[in-house]
Amino acid sequence: MDYEVVVGLEVHAQLLTHSKIFCGCSTRFGAPPNTQTCPVCLGMPGVLPVLNRSAVEYLMKTALACHCQIAERCRFARKNYFYPDMPKNYQISQYDEPLAQGGYVEIPTPEGLKRIRLVRIHLEEDVGKSIHGENLDDPRASYVDFNRSGVPLMEIVSEPELSSSEEAKLYLQQLRTVLQYLAVCDGNMEEGSFRCDANVSLRPRGSRELGTKVEIKNLNSFRYVQRALEYEVRRQTRALDTGERLVQETRLWDANRSVTRTMRSKEFAHDYRYFPEPDLVPMTTSPAWIEQMRALLPELPDARMHRFVAEYGIPEYDAGVLTSTKALADYYEECGKRFPKPKVVSNWMMVELLRALNRDGIEVEQSRVTPTHLAELLRLIDDGTISGTLAKTVFDAIYTTGKSAADIVREQGLRQISDEGSLQATIAQILASHPDEVRDYRGGRDKLLGFFVGQVMKATQGKANPQAVNKLLREALAHEGG
Ligand SMILES: [Zn+2]
């Protein structure tokens, strides 16, 4: 049987506000456990939440960037459930009146841009974090850290319109890029500030009815999203083919064993007994406020990509790669300011820099090769101080040591030899020790020039200026033959 994969994603993005959504505690990541808490975010009885205006504005910006409609009026709701990391036994979220609805994100597919519609974007508070089995003295012990409790979260729900794990990954990457450009979320999946749950089901190709839906939780890297979806598609295909009944449930991705496993039977909205949050008044937005937010939108990835093509004359593919993260695009423009030959900068970034970063799995922000370093290296190639061949060696040295190009060239004696006197001496030696080749060249075997160039480069450990070597060799070979 041929099945069609149907995937919808729910992304939880932590907002980069300085304080939490309903109290003034700091949201800084990595502080010692339970040092950023107060009675409000600890869920003490009798406290009152106060809504953080910045959190609302961050969501409004996101909604505008994703072409959503922002509601004139929305309100918060209590989502009731029990979990040790949420002592008040309800999460303040939004239910039937979210702040934003509709909208879309476009992803690049081999068939062109595909539009993935959004259902909604709403605001809610994050809950604390349970830490299990980290105490080696007592692996059964669990701890709860409430620093995360009350950190503003934006939940972005897509329609089930993604049809492969690859599309799911592209959607997440595109969405994360937009949030990073907006500076509303750092998109750090390892630290949990950009997390995703996936709904996945299969249906016979051509059928319109949705199959039994399984939700996968705990997907904290692009790779896990892809692998978990691939696993789940295989599992569901096998079940459908053998007539096994699939149950609607929530499964957990187990990264150690590379499988999804049952976590709990799927809960339904009515299980949460949503009701309007009585401690917060309904919120209203005004067209003026929305326009004020629209005016604050930065240049978004698509616009920046097109500008790179127009302004710097680089191919669309390169521009797409260079604008795929804000950090990479900033790096490119920063380097271009110091070395204003945009195509050269783009080539070096696309080939050398990204190759090294991808090989080591690190982000451009962590690279030891700063835009200043790269610009300096390109200047040294440009003014003939080093040859293009040696430049790669210098690049690798900057990448490993973080030293400047000039320092590396000086320390390792990599300066290009362009001095004609010293090159002529080397050439004379080489011609003297290869009389047969010299005779053949003069007899018409022009191709031997390459052989002589190679010998000179070898003798100078690659430091000779190739243009100078070519010119001097031709002169020398022409002379002596008369
Ligand atoms: Zn607090």
Side-chain angles (χ1 to χ4, degrees), residues 304-305 307-323 327-359 364-365 367-424 426-427 449-450 452-475:
R304 200 171 191 184
M305 192 265 276
R307 180 169 63 78
F308 276 19
V309 173
E311 193 173 326
Y312 303 128
I314 57 175
E316 198 164 295
Y317 176 79
D318 297 21
V321 173
L322 293 175
T323 52
L328 204 55
D330 288 347
Y331 187 108
Y332 176 66
E333 297 212 276
E334 203 56 46
C335 190
K337 261 186 239 158
R338 294 174 165 81
F339 184 77
K341 293 192 177 175
K343 286 183 190 170
V344 179
V345 176
S346 157
N347 283 341
W348 271 80
M349 283 182 68
M350 298 284 293
V351 180
E352 298 302 325
L353 183 64
L354 287 176
R355 181 186 49 79
L357 295 178
N358 291 340
R359 182 191 60 211
V364 72
E365 301 95 300
S367 167
R368 289 204 175 120
V369 187
T370 64
T372 318
H373 281 141
L374 183 58
E376 188 191 8
L377 172 65
L378 300 182
R379 253 195 326 273
L380 293 180
I381 306 168
D382 203 51
D383 68 14
T385 307
I386 50 175
S387 69
T389 332
L390 282 181
K392 294 192 171 65
T393 313
V394 178
F395 176 87
D396 289 339
I398 304 174
Y399 184 81
T400 12
T401 64
K403 288 182 182 174
S404 78
D407 284 348
I408 289 162
V409 169
R410 195 175 46 245
E411 283 169 18
Q412 303 190 11
L414 299 175
R415 182 174 284 275
Q416 179 163 259
I417 308 169
S418 302
D419 167 51
E420 299 205 349
S422 103
L423 285 177
Q424 271 162 340
T426 311
I427 287 170
L449 187 69
F452 293 117
V453 172
Q455 292 297 314
V456 177
M457 294 315 269
K458 203 169 143 193
T460 57
Q461 289 150 334
K463 286 183 279 186
N465 177 328
Q467 286 85 33
V469 172
N470 263 289
K471 170 177 159 278
L472 295 174
L473 264 174
R474 281 178 203 282
E475 285 172 8

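Just so it is clear, the structure is predicted and the values come from calculations on it, not from any experiment.
The local environment of NZ in K341 is sparse, with at most 12 non-hydrogen atoms from other residues, nucleotides or ligands closer than 6.0 Å. Counting heavy atoms of neighbouring residues, nucleotides and ligands inside a 6.0 Å radius, atom CD of E411 exceeds 12 of them. Remark: R338 CZ is packed, more than 12 non-hydrogen atoms of other residues, nucleotides or ligands lying under 6.0 Å away.
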Show your reasoning for whether side-chain contact (heavy atoms from CB on, under 4.5 Å) applies to L353 and Y332.
-> CA-CA 11 Å; L353 183 64; Y332 176 66; over 6 Å; no
Evaluate side-chain contact (heavy atoms from CB on, under 4.5 Å) for I398 paired with L374, printing each intermediate quantity in order.
-> CA-CA 9 Å; I398 304 174; L374 183 58; over 6 Å; no
Derivation of the side-chain contact (heavy atoms from CB on, under 4.5 Å) call for H373 and L377 = CA-CA 6 Å; H373 281 141; L377 172 65; over 6 Å; no
Mind running side-chain contact (heavy atoms from CB on, under 4.5 Å) on E475 and E420 for me, showing each step along the way?
-> CA-CA 12 Å; E475 285 172 8; E420 299 205 349; 5.6 Å; no
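Contact record, I417 with S422: CG2-OG, 3.4 Å, taken as the closest heavy-atom pair. Closest approach of C335 and A375 over heavy atoms only: SG-N, 3.7 Å. The minimum heavy-atom distance linking A391 with I381 is given by the pair CB-CD1, 3.5 Å. Across every non-hydrogen atom of V469 and I427, the tightest pair is O-CD1, 4.3 Å. Considering every non-hydrogen atom in both M457 and A464, the closest pair reads CE-O, 3.2 Å. Nearest heavy atom pair, residue A405 against residue L380, reads CB-CD1, 3.8 Å.
Side chains of V453 and P466 form no contact here, defined as non-hydrogen atoms less than 4.5 Å apart. Side-chain contact check for L328 versus M349: some heavy-atom pair is nearer than 4.5 Å. Annotation: side chain of Y331 is not in contact with side chain of E365 (no heavy-atom distance under 4.5 Å).
Taken to the nearest 0.5 Å, the CD1 atom of I314 stands 8.0 Å off from the CE atom of M350. Atom CD1 of I408 is separated from atom CZ of F395 by 10.5 Å, given to the nearest 0.5 angstrom. Interatomic distance, L414 CG to L390 CG, rounded to the nearest 0.5 Å: 5.5 Å. Note that CG of L354 and CZ of R359 are 12.0 Å apart. Values are rounded to the nearest 0.5 Å. Atom CG of D396 and atom OG1 of T401 lie 10.5 Å apart (nearest 0.5 Å). Note: T372 OG1 to E334 CD = 7.0 Å, rounded to the nearest 0.5 Å.
Within the 3.5 Å criterion, the main-chain N or O of A356 finds a donor-acceptor partner in the side chain of Y399. The main-chain N or O of T400 is found under 3.5 Å from a side-chain atom of R368 such that the two form a donor-acceptor pair.
The side chain to side chain donor-acceptor pair (under 3.5 Å) contacts involving residues 346-358 comprise E352-R355, where partners must be two or more places apart or lie in separate chains. Here salt bridge (Lys or Arg N to Asp or Glu O under 4.0 Å) pairs that include residues 454-469, with residues two or more places apart or in two chains, number zero. The stretch residues 369-379 participates, sequence neighbours left out, in no salt bridge (Lys or Arg N to Asp or Glu O under 4.0 Å) pair at all.
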